[in-house]
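Let me begin by presenting the structure, written as structure tokens, before commenting on it.
When a ligand or atom number is given, it counts from 1 through the structure's own listing order.
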Amino acid sequence: MVVIFTGITTILTLRRFIRGEIENSQLAQFNNFLNACSDALYLGDNLAIQAASESLEKAIPELAYAVFVDDSRNGIQLGGIESVQRIKRLRPVCPERDRKGQLPLKFDASSGDSSWRHFCLPIQEVNLRGERVSGTVHLGFNLNMVNSKVDGFIERIWPHLLGGMLVALVLGLFMAFIIAKKITRPIAQLTEGAKAIGEGHWETRIPVESSDELGFLAHEFNLMSTKLKELDDLKDDFVSSVSHELRSPLSAISGYAELLRMKPLEEMAPEKREKALVIIQESTERLSHFINDILDLAKIKSGQIEVTRKPFSIKATVEEVVRLFQPLIEKKNIQCFVDISEAIPMIQADGEKIRQVITNLISNALKFTPSQGKIRIIAKNQTDSIHVLVEDSGVGIPEDQQEIVFEKFRQVKGQAAALVSQKGTGLGLAIAKGNIEAHGGKIWIESDIGKGTKVHFTLPMTGVEQWPKNES
Ligand code: ATP
Ligand code: MG
């Protein structure tokens, strides 16, 4: 289509251009003849007009006539024989002069036949002898001949143009084919890749061959499948952790419940019965604790965590949590120091969530600190936040794991088994991080293996209120 359109436009433009050129040259010839007539009138040399007319007849085949009509001598027509005969036959009429006395240079012959182009201009001269002579210069062209000349020219150009168009067509098709191949191949690869990933082949990768938009798309596609693979692994980990966490307390409950049913209760040794009931109760608590953690984590992940800010005292909360852990502290013979500045104001925070954080940090410190160890809980005022530190002299966390223990189900391998009777699920720090960040704070770990761990968190003081409020 483009080639055909270009061909037709070229021909039309060429035709218009050639016609324009011919019209310009006709005007130039009229001017020449006009000058020749003026000179001849001045010299009184009629033969010169005739000679000029004849030479034009010979030189320009499409010339119809070149004639001077002498008004001063009753309309005698001067020019070549053919010119004089033709002007007699065609009898062109000069148009009326306009208001300024000028004549237009172009008008139709009197026959109204559009196949003629006629130029006409009256002139006046004073000849050598001082006589005033006047007349009209006429020049006419046969436009049919001009047209067939243009057509002939175009006909000669056609085969060359057609050849060029054909070459352009073949080249264009060839290039289009190559470009289409270049575009469709990666698209086909992307389609294949998407299909493979849809079928669960996460390892699928698409070769990135170009640096254009398609290459970028392939690159993004590969990133997406890596991410999907990670998510799939995470899902597997999650499912295995969850099923383990659910299965072990459930089997404990079911085992001990069965034991209790085997014999009448009175026949069972009281300590055995007590032990079974304690295990059933602990397992139930563990299950409900785990389910709550999972629900909290789901809320944190989906960004639905709601922070209900109320006046909250960090000092009171820490002291209360420490009191709850007192039996364990005493059992492990751990020295526990609480150092909280009196100057710490009440802040606006979700007391339940911060309490959950402090409980997990203290529980971790106790879990991972051997007997006779030390625990310190320090809270201080900073310019725009409160800084809390839970420090222990326990086993420590390797440097490369200090970030990842904040991810769900992440636990430092080997360490828990060596130390602790009470195992966790690896959710506490993930929930703590979610809670602290929901308050606009930060949480981080500093730790030296074998020396101890410091877990810091900050809570911004936005919304700090003087509490109790001045009742006045
Ligand atoms: P949960 O808190 O869900 O009952 P958890 O205590 O194992 O289980 P997190 O509180 O998230 O889980 O802690 C993740 C891991 O980080 C722990 O299992 C432990 O390996 C390591 N960790 C956390 N706190 C300490 C600490 N004070 N000292 C040494 N290791 C720690
Ligand atoms: Mg914990």
**Item:** Sub-4.5 Å side-chain heavy-atom contact between V322 and I377
**Value:** yes

**Prompt:** Is T453 touching ligand 1 with its side chain, its backbone, both, or neither, if touching means heavy atoms under 4.0 Å apart?
**Reply:** side chain

**Request:** Just do the salt bridge (Lys or Arg N to Asp or Glu O under 4.0 Å) check on E62 and K149 with the steps written out, would you?
**Result:** CA-CA 9 Å; E62 62 269 25; K149 196 174 167 185; 3.5 Å; yes

**Request:** Decide if atom CD of E319 counts as having more than 12 heavy atoms of other residues, nucleotides or ligands within a radius under 6.0 Å.
**Result:** yes

**Item:** Results of salt bridge (charged side-chain N to carboxylate O under 4.0 Å, His left out) for E342 - residues two or more places apart only
**Value:** K315

**Message:** Check for me: within less than 2.8 Å of the Mg ion (ligand 2), which protein N/O/S atoms show up?
**Reply:** N360 OD1, N364 OD1

**Request:** Check whether any side-chain heavy atom of V242 lies under 4.5 Å from a side-chain heavy atom of F290, and answer yes or no.
**Result:** yes

**Message:** When you measure from the side chain of T369 to the backbone of L366, do you find a donor-acceptor pair of N or O atoms at a distance under 3.5 Å?
**Reply:** no

**Prompt:** For ligand 1, which atoms sit closer than 4.0 Å to a heavy atom of N360?
**Reply:** 2 (O), 10 (O)

**Prompt:** Looking only at distance, does Q411 have an N or O less than 3.5 Å from an N or O of ligand 1?
**Reply:** yes

**Asked** Side chains of I436 and H439: does their closest heavy-atom pair fall under 4.5 Å?
**Response** no

**Request:** For K408 and ligand 1, answer yes if some heavy atom of the residue is under 4.0 Å from a ligand atom, otherwise no.
**Result:** no

**Heteroatom proximity flag, L427 to ligand 1, N/O under 3.5 Å** = yes

**Asked** Can you name the residues that form a ring pair (Phe, Tyr, Trp, His ring centres under 6.0 Å) with H456, not counting sequence neighbours?
**Response** H387, W444

**Fill in**
Here the atoms of ligand 1 under 4.0 Å from any heavy atom belonging to R410 are 14 (C), 15 (C)

**Request:** Walk me through it: do Q382 and S385 pass the test side-chain hydrogen bond (donor to acceptor under 3.5 Å, both in side chains)?
**Result:** CA-CA 5 Å; Q382 286 179 336; S385 60; 3.1 Å; yes

**Message:** Heavy-atom distances under 4.0 Å decide this one: backbone, side chain, both or neither, for K367 against ligand 1?
**Reply:** side chain

**Prompt:** Got an N/O contact under 3.5 Å between G428 and ligand 1?
**Reply:** yes

**Request:** Would you kindly specify which portion of D392 sits under 4.0 Å from ligand 1, judged on non-hydrogen atoms: side chain, backbone, both or neither?
**Result:** side chain

**Request:** Determine whether more than 12 heavy atoms belonging to other residues, nucleotides or ligands lie under 6.0 Å from atom CD of E199.
**Result:** yes

Show me the donor-acceptor pairs within less than 3.5 Å that the side chains of residues 214-227 make with the rest of the protein, sequence neighbours left out.
from, atom 1, to, atom 2, distance (Å)
N222, OD1, I206, N, 2.8
N222, ND2, I206, O, 2.8
S225, OG, T204, O, 3.2
S225, OG, R205, NH1, 2.8
S225, OG, N222, O, 3.0
T226, OG1, R205, NH2, 3.3
T226, OG1, N222, O, 2.8

**Under 3.5 Å: N/O of L429 near N/O of ligand 1** = yes

**Message:** With a 4.5 Å cut-off on side-chain heavy atoms, are L277 and Q281 touching?
**Reply:** no

**Item:** ligand 1 contact by G426, heavy-atom criterion under 4.0 angstrom
**Value:** yes

**Prompt:** Which bit of I397 gets closer than 4.0 Å to ligand 1, counting heavy atoms only: side chain, backbone, both or neither?
**Reply:** side chain

